[in-house]
Amino acid sequence: MTSEALSKGYEPADVEARWIAYWQDEKTFTPDPDGPGEPYSIVIPPPNVTGALHMGHALNITIQDILCRYHRQKGRKVLWIPGTDHAGIATQNVVERSLAAEGSSREALGREAFIERVWKWREEYGGKILNQIRRLGASVDWSRERFTMDEGLSKAVREVFVRLYDEGLIYRGDYIINWCPRCHTALADLEVEYAPHIGKLYHIRYPVEGTDQFVTVVTTRPETLLGDTAVAVHPDDERYREFVGKYVILPLVGRRIPIIADAYVEREFGTGCLKVTPAHDMNDFELGRKHGLEAIAVQDEAGRINDNAPEKYRGMDRTVARKAVVEDLKELTLLDDIRDYEHNVGECYRCRTVIEPFVSKQWFVKTKPLALAARAAVEDGRTAILPDQWTKTYYDWLDNIRDWCISRQIWWGHRIPAWTCQACGELIVSRENPTVCPACGGDQLEQDPDVLDTWFSSALWPFSTFGWPDNTKELKTFYPTTVLSTAFDILFFWVARMMMMGLHFMGEVPFKHVYIHALVRDAEGRKMSKSLGNGIDPLAMMERYGTDALRFTLCAFAAMGRDIKLAEERIEGYRHFINKLWNATRFALMHVGEGAPDISPAEAAKAGLCHAMILSRLERLKITVSGAIEGYQFNEAAQELYGFFWREFCDWYLEMAKVDLGGDDETKKGAAKRVLLTVLTETLTLMHPIIPFVTQEIWSKLPGIGEPNLAKVPFPPLRPELISDAAEADMELLRAIVVGVRNIRAELNINPGVRLTALVHTESSAQAASLTENAAMISFLAKLENFQAGPEVVAPKASASAAAGSCALYVPLSGAVDFDVEYLRLSKEEVKTVKELTVVEKKLGNEDFVSRAPAEVVAKEQEKQGALGERLARLRELKDRIKKLMADE
RNA sequence: AGGAGCGUAGCUCAGGGGGAGAGCACUUGCUUGACACGCAAGGGGUCGGGAGUUCAAAUCUCCCCGUUCCUACCA
């Protein structure tokens, strides 16, 4: 009466925004570093500031939120830090596009104005994904939100750069890097993605100096010929042995270049003769360094042929130059052959432009020493990668790591803190912007125009977010973080680099666990992608089915080490569960709307078998759910909660409790109310980490709730003394009888309205006592007007029958029983039982089994043999009886 | 080329040496005192194939078949 009536169905839209605001107002997720409890911390993998929430994010946020909310319940001091990264190239691209639409460009604006413009963009649109994360219910501490371009984090970036430089772990040099001619910047090896392209394989003849002979090289990029500085063959290749040490005259250029021998060359590929262009090919670059070859760059930053090439080609785009070179070679009859050829070509991961390997001055991190430490930390268990199978991948990458190119030729990002003195050429790397050259005292200092790779700042995230390099309270309390949850695709990009930086600067691993979650795919198992258009928009799902339905679905599918194939129907299906929860509450409130008597659950359990049973099951549930979440088995937690709440609590307990709740016995009624409320509140608490909104909403409607903020309510107390095998076993028999009657009703097509009589022949009087005590309940569930149980019960004349456990169940029927149907049903049951019994008997008949299997396994089999034997006997009696009755007719 | 995973009911998947499970779908019957986003009853599987280890294999080992992904890349 006091509690307002709940609407007939759960309507998430009204509810979610309200609780998000409530939690925030209550500062529920802002921990005090000095507060009690063992710290538990997570840094959110910072999404790209230009990004929008996709299913992968939704899954990852849900997982982290489950962990955080659960550990808060367990009394840990939880800090979950949100934020975004500045996504240098992506963000710059976005802003440049909007400038282009206005007919402007970043060059027109100038560096400073452009950066200002990016900040403005970020203010306006950069909060989008964070708002989407907020809508998911993420229990992050918004008061500690971070951005990789923040002042504090920028300070950390500079500190790291300077220290690494001083330690010789950052260096600048002319090296070949991956160049995106569209983005005008260098990319790290990881930022290049390979995709199959159909190209051509050109066979080109190079004349050997001083002879009339040729060597034929094979290439997919004939225009790079202009930069060739050698031809290479395998040292053991008989075909070319005589040429090694000689020279060829480079066609179209006329340069005299050596023929060298190196085992790197594959004899089987093409002609076995390789043109070497150190300035434009990764492998050729290495080869060139090894053999002291000159690297002649023949393209500029936009992919056009430069002045190092013959005049004719200068200024041509690389694709135009290719055609021109091919034509000219044809004319000289030096082009032997052109074949179609499918091969993998590197593309820019941001814009899909074909990458041009390019020699230029760049900054690098010397990764080897850092990688060794990062590997060791996992080897000795300071950090565990879960599931374990990713550990090998992590090792492989670290073992084969190459130096990390960290300079980017863009404007949006952390400017490299390096200056060159215009007077003496001194290179100055400094925390503070220098004003005079320490070498010559000159004041003409020019800062390096490049910025750092975004991942450079992301790598510092687990400590920069806590205020490093300052020794803050947060840093002391919450570093190392407890767990990092992420998808495998950034294991290298990010996880490995955080490990390297965390270990180097903090001396401790950045996280104790790395949980690699599943990849969310579409119903056909394809990766969700914009280009395929097969993505399921999490926000649309949240609107349609409620955030809890989406969260529960993701949780239920989050089995470790396996990808998720997601279809919208799954989410729709789990919405039904949310609704079930809602309606069970509506029912409960009809009876406990004004609260329940203040008796202990233990006392209430004594009031009836059903109460003892559900309380026992509840205790087991607490243990399995805890174990599941702590072991990152989210699917198991969801499944257990689902099964308990729907199958045990709603299907059985609520139905059974109706008898006491509607009866006259005030003691029983009180106990039922107490148990109903206890089980409901405690399961809500257990479910809250997975489905925070609906549980909180229901919580607010329940009577006698002390703490109104469910996110602050501790994990329910454990009451191991309530676990009762006996109660659960007695209930098993009771259920078997109810199901037996229902089964008979269904098979014999008896109207559900008709009340029946059921008689049960039991083996023992103890069994009979338990059943008789619950006669009212059995009658209610099976729709009986009469129920009797005891060892003395004998089969009535005209009745349907079944075996329930080891008891015999009879349902007398006044009308004609269809004996044929009855007989068939029992026979089927008999066949099944015989089959099971045979398996058991065969085992027990095997001497090796009895002597070698563990005693408890043997005992279990013997027990099973007994039960099955009894059941079989019962079935056969029932069959015999029917046979007799049939004969009598 | 190297590495990892997966193959269990029609579908999506748990499980992981001693009873083949769940959800959805399906069949049948239901205005049963919260719920048709529901209730009740039911059908359905040589756990990809083969060999081995074991008293015992869906589970461990090896081989094969199919499938997905990752890393590297030969010009």
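Not measured: the values here are computed from a predicted model. To find a chain, count down the sequence lines: A is the first, B the second, and so on, and within it residues start at 1.
Contacts classified as ring pair (Phe, Tyr, Trp, His ring centres under 6.0 Å) and involving residues 549-569 of chain A (residues at least two apart or in different chains) are given here: A:Phe552-A:Tyr574, A:Phe552-A:Phe577. For residues 223-235 of chain A, every residue pair satisfying the salt bridge (Lys or Arg N to Asp or Glu O under 4.0 Å) rule, not counting sequence neighbours, is listed here: A:Glu223-A:Arg322, A:Asp228-A:Lys275.
Listed by chain and residue number, A:Trp397 satisfy the ring-ring contact (aromatic ring centres under 6.0 Å, His included) test with A:Phe492 (two or more places apart in sequence, or in another chain). For the side chain to side chain contact (heavy atoms under 4.5 Å, CB included) test, residues two or more places apart in sequence or in another chain that qualify with A:Ala230 are A:Pro258, A:Ile260, A:Val276, A:Leu293. With sequence neighbours excluded, the residues satisfying side chain to side chain contact (heavy atoms under 4.5 Å, CB included) with A:Glu568 are A:Met541, A:Arg544, A:Tyr545. Here A:Tyr515 pairs with A:Tyr632, A:Phe634 under the ring-ring contact (aromatic ring centres under 6.0 Å, His included) rule; sequence neighbours left out. A:Tyr341 meets the side chain to side chain contact (heavy atoms under 4.5 Å, CB included) test with A:Leu201, A:Thr220, A:Phe269, A:His343; sequence neighbours excluded.
Between A:Glu863 and A:Lys860 there is no salt bridge, since no side-chain nitrogen of the basic residue lies less than 4.0 Å from a carboxylate oxygen of the acidic one. Between A:Glu728 and A:Arg620 a salt bridge is recorded (basic side-chain N to carboxylate O distance below 4.0 Å). The residues A:Glu356 and A:Arg221 are annotated as salt-bridged, a charged nitrogen and a carboxylate oxygen being separated by less than 4.0 angstrom. Ion pairing of A:Arg339 with A:Asp337 is present here, as a side-chain N (NZ or NE/NH1/NH2) and a carboxylate O approach within less than 4.0 Å. Ion pairing between A:Arg735 and A:Glu655 fails under the 4.0 Å rule for side-chain N and carboxylate O.
Here A:His343 reaches the OP1 or OP2 of B:rA75: one of its side-chain N or O atoms lies under 4.0 Å away. Dashed line: the shortest gap from a side-chain N or O of A:Tyr642 to OP1 or OP2 of B:rC24 is under 4.0 Å. The side chain of A:Tyr341 contributes an N or O atom lying less than 4.0 Å from OP1 or OP2 of B:rA75. A:Lys658 has no side-chain polar atom (N or O) that falls below the 4.0 Å cut-off from OP1 or OP2 of B:rG33.
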Would A:Leu581 and A:Val694 count as a side chain to side chain contact (heavy atoms under 4.5 Å, CB included) if you check the C-alpha gap in whole Å, the side-chain angles of each, and the deciding distance to 0.1 Å? CA-CA 8 Å; A:Leu581 193 54; A:Val694 68; 3.9 Å; yes
Dump every N/O contact between nucleotides 10-13 of chain B and the protein below 3.5 Å, one line per pair.
unit_1, atom_1, unit_2, atom_2, d
B:rC13, OP2, A:Lys565, NZ, 3.1
B:rC13, O3', A:Arg562, NE, 3.2

Filtered N/O pairs between nucleotides 53-60 of chain B and protein, under 3.5 Å:
unit_1, atom_1, unit_2, atom_2, d
B:rC55, OP1, A:Arg852, NE, 2.9
B:rC55, OP1, A:Arg852, NH1, 2.6
B:rC55, OP1, A:Arg852, NH2, 2.6
B:rC55, O2', A:Asn846, ND2, 2.9

Collect all protein-nucleotide pairs involving nucleotides 38-44 of chain B in which both atoms are nitrogen or oxygen and the distance is under 3.5 Å.
unit_1, atom_1, unit_2, atom_2, d
B:rG38, OP1, A:His576, ND1, 3.4
B:rG38, O3', A:Lys580, NZ, 3.1
B:rC39, OP1, A:Lys580, NZ, 2.6
B:rC39, OP1, A:Trp646, NE1, 2.7
B:rA40, O3', A:Arg742, NH1, 3.4
B:rG42, OP1, A:Asn743, ND2, 3.3

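The interatomic distance linking A:Asn344 (CG) with B:rU71 (C1') rounds to 12 Å, in whole Å. The nearest whole Å value for the distance from the CH2 atom in A:Trp390 to the P atom in B:rA4 is 12 Å. Spacing between atom CZ of A:Phe488 and atom P of B:rG5 amounts to 14 Å, rounded to whole angstrom units. At whole-Å resolution of the value, CG in A:Asp489 and C1' in B:rU71 are 14 Å apart. Nucleotide B:rG23 holds its C1' atom 14 Å from the CD atom of A:Glu640, rounded to whole Å. Between A:Leu274 atom CG and B:rC73 atom P the separation is 15 Å, expressed in whole Å.
Distance from the side chain of A:Arg575 is smallest to B:rC37 among B:rC37, B:rA22, B:rG5. Taking only side-chain atoms of A:Phe492, from C-beta outward, the nucleotide of B:rC73, B:rU71, B:rA34 with the closest atom is B:rU71. For A:Asp396, whose side chain is taken as the heavy atoms from C-beta onward, the closest listed nucleotide among B:rG3, B:rA36, B:rA75 is B:rG3. In the set B:rG18, B:rC74, B:rG3, the nucleotide with an atom closest to the side chain of A:Tyr264 is B:rC74. Here B:rC74 is the nucleotide among B:rC73, B:rG18, B:rC74 with the atom lying nearest to any side-chain atom of A:Phe269.
B:rG16 and B:rA58 are spaced 16 Å apart, taking the P atom of each and rounding to whole Å. Only the P atoms considered, B:rA36 is 31 Å distant from B:rG44, to the nearest whole Å. Nucleotides B:rG43 and B:rU32 are separated by 25 Å at their P atoms, to the nearest Å. With both ends at atom P, the span from B:rU12 to B:rA75 equals 37 Å, rounded to whole Å. With C1' as the reference atom, B:rC47 and B:rG38 are 33 Å apart, rounded to whole Å. B:rU59 sits 36 Å from B:rA40 when the P atoms are compared, rounded to a whole Å. Comparing the P positions of B:rG2 and B:rC63 gives an interatomic distance of 14 Å, to the nearest angstrom. Across B:rU68 and B:rG48, the matching C1' atoms stand 15 Å from one another, rounded to whole Å.
Between the side chains of A:Glu191 and A:Tyr349, at least one donor-acceptor pair of N or O atoms lies under 3.5 Å. Side-chain contact of A:Asn344 with A:His197: a donor-acceptor pair under 3.5 Å is absent, judged by distance alone. There is no side-chain donor-acceptor pair under 3.5 Å between A:Thr393 and A:Asp396.
Using a 4.0 Å heavy-atom cutoff across all strands shown, A:Leu566 reaches no nucleic acid atom at all. Using a 4.0 Å heavy-atom cutoff across all strands shown, A:Arg755 reaches no nucleic acid atom at all. Using a 4.0 Å heavy-atom cutoff across all strands shown, A:Tyr10 reaches no nucleic acid atom at all. Residue-level contact check: A:Thr393 touches neither bases nor backbone, having no heavy atom under 4.0 Å from any strand.
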Give RNA chain B the dot-bracket treatment, 5' to 3': Watson-Crick (N1-N3 with N6-O4 or O6-N4) or G-U (N1-O2, O6-N3) under 3.5 Å, [ ] crossing, | other strand. (((((((..((((....[..)))).(((((.......))))).....(((((..]....))))))))))))....
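Non-hydrogen atoms lying under 4.0 Å from RNA chain B are contributed by A:Asn283, all within residues 275-286 of chain A.
Atom-to-atom distance recorded for A:Leu756:CG and A:Leu784:CG is 6.5 Å, nearest 0.5 angstrom.
The heavy-atom pair separating A:Ala518 from A:Ile564 by the smallest distance is CB-CG1, 3.7 Å.
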